[in-house]
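Quick notes on the structure that follows.
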Amino acid sequence: MSRSYRPARTRPRPKGPSAIAASPKIQIDPAAVTVARALVRPVVPTRSVEPLSVTAHLGPTNSGKTYHAIEQLAHARYGAYVAPLRALAVEVYERLTERLGADAVGLITGEQVKNPDADIVCCTPECAPRQTHTMVIDETHWLVDEQRGWAWTELLAAAEVEHLVILGAPELEPLVRQALPSATVHHHTRLSTVEYGGRIGVANLEPGTVVVAFSRASVLAMAREIGHATDHVVGTLYGAMPPYARMHTIDAFAAGDLDVLVCTDVIGHGINLPVQHVVMAQTTKHDGRELRSLHLWEAAQIVGRAGRFGLSEMGRAYSLAGGRSTASASLVERAALVAAGKSSADLKVVQGQVRPKLGELGAPDAASLAAHLRAWESEMRELLASHPWMRPMPVEPLVARCEEIRGYLDRLTVEQAWKLLALPVKDTTAVFARALARDEAVRTPADYAAPIEDLESAERASKWARDLMSFTRAFGDGHGITYADAAALEHAASVRLTDLLPDHIREHTMGRCSDCGRPCPARLDQCRNCEADSWEHWTSESTA
């Protein structure tokens with residue numbers, strides 16, 4: 001596709017729901033909010049029966065927290081393991097399946113469902129059962145997350161379980177003491193050694209090394225640079241990769257088929273890999289609002305993956321040397337001390353967020369949802385004054401989604417609109433709203449069946465397929481698509497991407513835009529203008 005050159009924007013175009021919170025507050029008639037405040041009925045999440053036991057395992061990375069909890073769950077043989085990432089849920093699912101048998105274990109995430117009625121399910125928090133025997137909640141400090149923290153809060157406050165097991169960072173303890181005063185707290189120390197090794201150059205990387213950067217383009221360019229400078233077999237792991245491709249890469253590194261893995265901060269969330277060294281190529285990331293330095297606790301989560309007890313017991317954290325590195329050596333050094341348990345992090349876990357439920361919003365119609373959401377937030381803030389460990393989730397992202405589908409709200413039921421607001425998709429909400437409002441087909445996999453010739457088209461096809469999978473899980477088969485069709489497309493795109501990645505890494509350009517040839521930062525394959533044009537082309541196709 002040919003693209004004309006455009007003057008650079010002064011700010012990058014916001015992308016996806018993560019950018020919504022940075023947008024100006026959407027204007028809603030104050031009178032409508034006042035009327036809605038008399039109708040909404042917020043409810044503080046609570047359980048009717050307290051657990052027989054509450055146990056918290058708190059400690060730094062690689063301190064045995066998950067091992068102890070999984071042992072308890074396996075012994076109970078009935079319950080749920082809850083993790084923030086699909087990859088981590090899959091890892092524990094496979095571990096328990098090997099131990100207890102395929103019939104005994106299920107998997108439930110926003111993208112995948114296997115044996116959901118099994119005695120034990122491994123899941124993400126949004127998909128977790130609200131009633132079970134033993135519930136293990138991993139990475140519980142995620143309840144501070146602005147987008148998803150509500151799911152952890154609801155499980156802590158309201159899940160009906162006999163035995164509740166909480167895993168998290170040491171900084172979680174004050175909240176646990178306040179929210180669950182009967183909890184027995186076990187403090188864990190790190191089982192393996194991690195230390196700061198200073199700066200290291202690309203040519204000196206050893207097998208068993210993970211290099212961390214914070215964008216797809218940076219990851220691919222870094223992988224190419226390592227491949228050219230060394231004899232190592234290099235793999236990549238980043239957010240836009242489909243699930244199959246991610247798991248293929250994780251398995252290849254664990255098996256020793258890859259010497260070096262270049263990835264984003266996905267490694268910081270508990271994925272169990274035989275990592276000898278972690279090298280930070282960057283210590284800044286764009287969080288959806290701004291480009292910022294990593295918090296100390298975020299950096300510690302990442303570098304703490306160096307040295308895994310039973311896999312690689314001595315690990316080192318490095319900052320990448322060379323003119324292209326943007327890593328702060330002092331931040332990496334301090335993070336290694338935190339990961340080793342020799343220093344405190346800057347993580348503050350004091351409150352969990354509460355998300356509204358449709359039944360609390362006072363029976364609005366779809367068109368008045370936004371006003372009722374604002375009213376709920378105001379009323380819930382007053383109600384939670386006597387529950388200091390909880391606060392209402394900011395409703396602005398949900399209000400922004402209402403605005404995104406405003407043209408279809410008068411033809412949707414409030415139940416349909418509410419499900420649309422909850423879909424874990426980016427940039428395609430309006431596509432699905434139109435299909436529901438007009439009772440017509442969404443674009444089907446057949447519309448995207450053209451040969452996948454490059455990495456970008458494979459990523460887009462996989463993303464679209466995963467969005468369709470989420471849509472059919474929420475609304476059922478129909479509107480020209482079935483879950484099976486979407487899953488087949490997602491798998492085909494994943495397999496194709498896995499095949500394309502090695503060649504793409506070898507051919508990846510550094511320092512020049514792959515589209516227009518103009519100079520660009522060394523770790524990018526597109527200049528800012530071509531990247532924006534590519535994004536606009538894709539989103540216009542998706543909503544046409």
Side-chain angles (χ1 to χ4, degrees), residues 45-59 63-143 145 148-169 172-173 175-176 179-188 269-272 352 355 473:
T46 187
R47 57 174 60 88
S48 58
V49 180
E50 289 300 310
L52 295 178
S53 71
V54 180
T55 307
H57 294 279
L58 307 180
S63 57
K65 305 186 298 291
T66 302
Y67 171 80
H68 287 283
I70 296 305
E71 284 295 304
Q72 182 175 343
L73 181 59
H75 180 75
R77 291 184 173 267
Y78 182 63
Y81 168 79
V82 184
L85 299 179
R86 175 189 178 278
L88 187 52
V90 169
E91 181 182 310
V92 174
Y93 163 78
E94 291 176 345
R95 190 191 312 179
L96 288 172
T97 296
E98 184 176 348
R99 179 169 176 174
L100 302 176
D103 292 340
V105 189
L107 177 69
I108 309 174
T109 73
E111 299 170 338
Q112 190 175 12
V113 177
K114 292 181 179 179
N115 197 18
D117 298 321
D119 290 342
I120 293 177
V121 293
C122 300
C123 53
T124 48
E126 295 88 344
C127 302
R130 294 310 189 256
Q131 187 173 11
T132 190
H133 181 274
T134 299
M135 177 173 285
V136 174
I137 307 176
D138 208 348
E139 305 280 344
T140 310
H141 46 268
W142 267 60
L143 58 79
D145 185 79
R148 301 177 62 202
W150 62 269
W152 279 264
T153 302
E154 186 164 306
L155 294 177
L156 288 184
E160 302 280 353
V161 299
E162 293 191 28
H163 303 283
L164 181 62
V165 184
I166 301 164
L167 315 180
L172 187 66
E173 184 171 0
L175 185 142
V176 170
L180 299 159
S182 66
T184 300
V185 178
H186 297 283
H187 296 278
H188 294 254
H269 302 302
I271 296 173
N272 200 32
R355 187 180 190 270
R473 283 199 65 197

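Along the sequence shown, the residues carry numbers beginning at 1.
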* Side-chain contact, heavy-atom cut-off 4.5 Å: Val176 with Thr140? -> no
* Asked: What heavy-atom pair brings Ala169 and Leu58 nearest, and what distance separates the two atoms?
  -> O-CD2, 3.8 Å
* Exercise: identify the closest heavy-atom pair between Pro84 and Trp152 -> CB-CZ2, 3.5 Å
Identify each donor-acceptor pair in which a side-chain atom of residues 116-129 lies under 3.5 Å from a protein atom, sequence neighbours left out, and give them as a table.
unit_1, atom_1, unit_2, atom_2, d
Glu126, OE1, Arg148, NH2, 3.1
Glu126, OE2, Arg148, NE, 2.7
Glu126, OE2, Arg148, NH2, 3.4

Review item, side-chain donor-acceptor pairs of residues 154-164, under 3.5 Å, at least two apart:
unit_1, atom_1, unit_2, atom_2, d
Glu154, OE1, Lys357, NZ, 3.0
Glu154, OE2, Arg130, NE, 3.1
Glu154, OE2, Arg130, NH2, 3.2
Glu160, OE2, Ser48, N, 2.9
Glu160, OE2, Ser48, OG, 3.1
His163, ND1, Ser53, OG, 2.7

* To do: Let me see the working for Asn115 and Val105 under side chain to side chain contact (heavy atoms under 4.5 Å, CB included), right down to the final yes or no.
  => CA-CA 7 Å; Asn115 197 18; Val105 189; 5.9 Å; no
* To do: Show the numbers, then the answer: is there a side chain to side chain contact (heavy atoms under 4.5 Å, CB included) between Tyr81 and Val165?
  => CA-CA 9 Å; Tyr81 168 79; Val165 184; over 6 Å; no
* Please report the closest heavy-atom contact between Leu175 and Gly352, naming both atoms and the distance. => CD1-N, 4.0 Å
* Spatial distance of atom OH (Tyr78) from atom NE2 (His133) [nearest 0.5 Å] -> 9.0 Å
* **Heavy-atom pair of closest approach, residues Thr134 and Ala76** => OG1-CB, 3.4 Å
* Asked: Quick one: are His68 and His186 in side-chain contact, heavy atoms under 4.5 Å?
  -> no
* Intermediate values then yes/no, side chain to side chain contact (heavy atoms under 4.5 Å, CB included), Arg47 and Glu50 -> CA-CA 7 Å; Arg47 57 174 60 88; Glu50 289 300 310; 3.6 Å; yes
* Given Val136, which of Leu167, Val82, Thr66, Val92 fulfils the side-chain contact (heavy atoms from CB on, under 4.5 Å) condition? -> Leu167
* To do: Ignoring hydrogens and angles, tell me if any N or O in the side chain of Lys65 forms a donor-acceptor pair with the backbone of Gly59 under 3.5 Å.
  => yes
* Spatial distance of atom CD1 (Ile166) from atom NE2 (His141) [nearest 0.5 Å] -> 13.0 Å
* Report the residues that fulfil salt bridge (Lys or Arg N to Asp or Glu O under 4.0 Å) with Arg99, sequence neighbours left out, ordered by chain and then residue number. => Glu71
* Asked: When rounded to the nearest 0.5 angstrom, what distance separates CD in Glu91 from CG in Leu96?
  -> 10.5 Å
